[in-house]
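First comes the structure, then the notes that go with it.
As the structure is a computational prediction, the values presented were derived from the model and not from experiment.
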Amino acid sequence: MTDKRWVIHPDLQMPLHDQRALDLMMKVTKFFKPDAICNIGDLANQDGPSRWADGSADEVLNHLEPENRMVQNYWKDLRAKYPRADLHWTLGNHDIRAFDYINKKAPALRDLVTPDVLWHTDKYGINLYDWNSPPQLKMGDVYLHHGSAVSKHSGGSVQSDIDSWGVSLIRGHSHRVGTYFKTYELTGQMLRGYEIGHGMDISKATYAQCHNWQQGMAIGIESDGVSHVQLIPFQNYSCYIGTKRFEA
């Protein structure tokens with residue numbers, strides 16, 4: 001069986017993303033030559049249709065178009081560079097803000113406000129997975145999902161999701177880099193959990209007072225139904241795969 005190479009990009013929350021961090025992700029992605037790329041969710045921030053903008057001058061119109069154009073360009077760039085790769089997007093709670101807004105305030109427009117209208121997902125062949133559903137996308141024996149629980153400590157969020165869903169998991173949402181492993185002695189089953197960090201500019205993330213966060217991403221190799229995952233934390237806009245250094 002041919003190995004399948006995966007790259008997993010973290011929360012970017014465009015336009016709150018850190019361009020240098022994104023450049024570093026793209027350098028790692030190019031080096032790894034992926035067969036599949038997954039954005040783990042919260043690629044879009046969707047500040048306008050969030051509940052925080054409700055009733056304000058910033059509600060929807062001042063943000064929606066420029067933010068979504070950034071997301072479109074992200075997928076356009078990946079599709080151009082990797083025309084044969086499978087592209088996946090496990091939607092996060094920020095990504096779906098526009099749809100929640102329409103469902104609440106203008107349900108008659110549901111069919112007009114779609115992922116393809118906002119982000120051209122059909123055009124670029126993006127496979128979408130709903131945040132409100134349990135994990136669906138699998139890389140071998142490991143599921144990928146934006147994540148549900150949030151802990152104050154690295155590894156705690158994915159531990160909670162593993163306890164809830166009973167599967168190995170790669171996730172975002174917490175903006176932290178961490179791991180959690182659990183082995184069941186009688187069955188020999190080992191569940192693995194990975195939090196892959198974020199790619200945001202924390203100076204723009206004014207909604208949080210304390211940023212106990214870490215930038216990073218992940219790569220994986222799917223072989224014979226099993227996945228081997230490597231977390232890649234970023235330090236001062238640099239990282240390593242083995243002895244190979246990348247910097248932005």
Side-chain angles (χ1 to χ4, degrees), residues 1-12 22-43 71 74-92 95 115 119 121-131 133-147 158 161-162 165-173 177-182 188-199 216-234 239-246:
M1 180 176 179
T2 303
D3 291 349
K4 187 173 183 177
R5 303 162 74 91
W6 287 71
V7 167
I8 303 100
H9 288 179
D11 301 46
L12 291 166
L22 180 56
D23 291 344
L24 184 56
M25 290 175 209
M26 292 303 185
K27 287 183 178 182
V28 171
T29 302
K30 180 179 180 180
F31 168 80
F32 201 61
K33 298 179 175 64
D35 304 298
I37 301 169
C38 176
N39 185 282
I40 208 70
D42 282 2
L43 171 58
V71 174
Y74 168 89
W75 289 119
K76 180 180 180 180
D77 183 43
L78 286 175
R79 177 52 73 204
K81 291 177 178 176
Y82 310 100
R84 297 183 180 179
D86 299 329
L87 299 183
H88 303 281
W89 186 359
T90 59
L91 294 172
D95 299 317
W119 305 308
T121 50
D122 292 349
K123 178 179 180 180
Y124 300 123
I126 315 302
N127 300 293
L128 293 174
Y129 306 87
D130 185 10
W131 180 64
S133 299
Q136 297 173 314
L137 175 63
K138 290 186 74 175
M139 180 179 69
D141 59 338
V142 179
Y143 283 85
L144 296 97
H145 188 276
H146 181 63
V158 75
D161 281 348
I162 283 177
W165 288 322
V167 297
S168 294
L169 184 69
I170 298 172
R171 53 155 284 168
H173 195 37
V177 176
T179 59
Y180 172 74
F181 286 67
K182 184 173 184 177
Q189 182 186 25
M190 181 175 68
L191 297 182
R192 298 112 67 205
Y194 308 88
E195 297 174 42
I196 70 169
H198 73 95
M217 62 182 295
I219 57 175
I221 295 180
E222 180 183 348
S223 180
D224 295 328
V226 175
S227 285
H228 304 270
V229 181
Q230 179 181 336
L231 288 181
I232 306 176
F234 295 170
C239 64
Y240 280 85
I241 298 180
T243 59
K244 174 70 174 176
R245 177 181 171 87
F246 302 86

In residues 29-38, what donor-acceptor pairs under 3.5 Å come from side-chain atoms, sequence neighbours left out?
{"unit_1": "T29", "atom_1": "OG1", "unit_2": "H9", "atom_2": "NE2", "d": "2.9"}
{"unit_1": "T29", "atom_1": "OG1", "unit_2": "M25", "atom_2": "O", "d": "2.7"}
{"unit_1": "D35", "atom_1": "OD2", "unit_2": "R5", "atom_2": "N", "d": "2.8"}

Qualifying residue, where the test is side chain to side chain contact (heavy atoms under 4.5 Å, CB included) with N39 and the options are L12, V71, L144: L12
Residues forming a side-chain contact (heavy atoms from CB on, under 4.5 Å) with R245, sequence neighbours excluded: S238, Y240, E247
Set of residues satisfying side-chain contact (heavy atoms from CB on, under 4.5 Å) with respect to T243, sequence neighbours excluded: none
Shortest non-hydrogen contact between P10 and I40, atoms and distance: CA-CG2, 3.8 Å
Side-chain donor/acceptor of S227 to backbone N/O of M139, under 3.5 Å: yes
Side chain to side chain contact (heavy atoms under 4.5 Å, CB included) evaluation trace for V28 with V7: CA-CA 9 Å; V28 171; V7 167; 5.7 Å; no
Spacing of Y74 atom OH and W89 atom CH2 [to the nearest 0.5 Å]: 9.0 Å
P135 versus L169, closest heavy-atom pair with distance: CG-CD1, 4.2 Å
Separation of T121 OG1 from L128 CG (nearest 0.5 Å): 5.0 Å
side-chain hydrogen bond (donor to acceptor under 3.5 Å, both in side chains) partners for D122, two or more places apart: none
For H173, side-chain hydrogen bond (donor to acceptor under 3.5 Å, both in side chains) partners two or more places apart: N93, H146
Partners meeting side-chain hydrogen bond (donor to acceptor under 3.5 Å, both in side chains) with D86 (sequence neighbours left out): K4
Distance in Å, L231 CG paired with C239 SG, rounded so as to fall on 0.5 Å steps: 12.0 Å
Worked check of side chain to side chain contact (heavy atoms under 4.5 Å, CB included) between Y143 and W165: CA-CA 10 Å; Y143 283 85; W165 288 322; over 6 Å; no
Verdict with reasoning, Y180 to E195, per side chain to side chain contact (heavy atoms under 4.5 Å, CB included): CA-CA 9 Å; Y180 172 74; E195 297 174 42; over 6 Å; no
Residue pair Y82 / M26: nearest heavy atoms and the distance that separates them: OH-O, 4.4 Å
Exercise: do D95 and W119 side chains pair donor with acceptor under 3.5 Å: no
Sequence-distant partners of W6, ring pair (Phe, Tyr, Trp, His ring centres under 6.0 Å), two or more places apart: H88
Shortest non-hydrogen contact between G197 and V177, atoms and distance: CA-CG2, 3.8 Å
Under the salt bridge (charged side-chain N to carboxylate O under 4.0 Å, His left out) test, residues paired with D130 that sit two or more places apart: none
Under the ring pair (Phe, Tyr, Trp, His ring centres under 6.0 Å) test, residues paired with Y194 that sit two or more places apart: F181
Side-chain donor or acceptor of R192 paired with backbone N/O of I170 under 3.5 Å: no
Salt bridge (charged side-chain N to carboxylate O under 4.0 Å, His left out) involving D161 - partner list, sequence neighbours excluded: R171
Reported NZ-to-CD distance for the pair K138 and E222, which is rounded to 0.5 angstrom: 9.5 Å
Interatomic distance, K182 atom NZ to Q189 atom CD [nearest 0.5 angstrom]: 10.0 Å
Derivation of the side chain to side chain contact (heavy atoms under 4.5 Å, CB included) call for W75 and L43: CA-CA 10 Å; W75 289 119; L43 171 58; 3.3 Å; yes
Main-chain N/O of G147 paired to W131 side chain as donor or acceptor, under 3.5 Å: yes
Sequence-distant partners of K81, salt bridge (charged side-chain N to carboxylate O under 4.0 Å, His left out), two or more places apart: D77
Those residues that, when tested against K76, pass salt bridge (charged side-chain N to carboxylate O under 4.0 Å, His left out) (two or more places apart): none
Interatomic distance, D141 atom CG to H228 atom NE2 [nearest 0.5 angstrom]: 8.0 Å
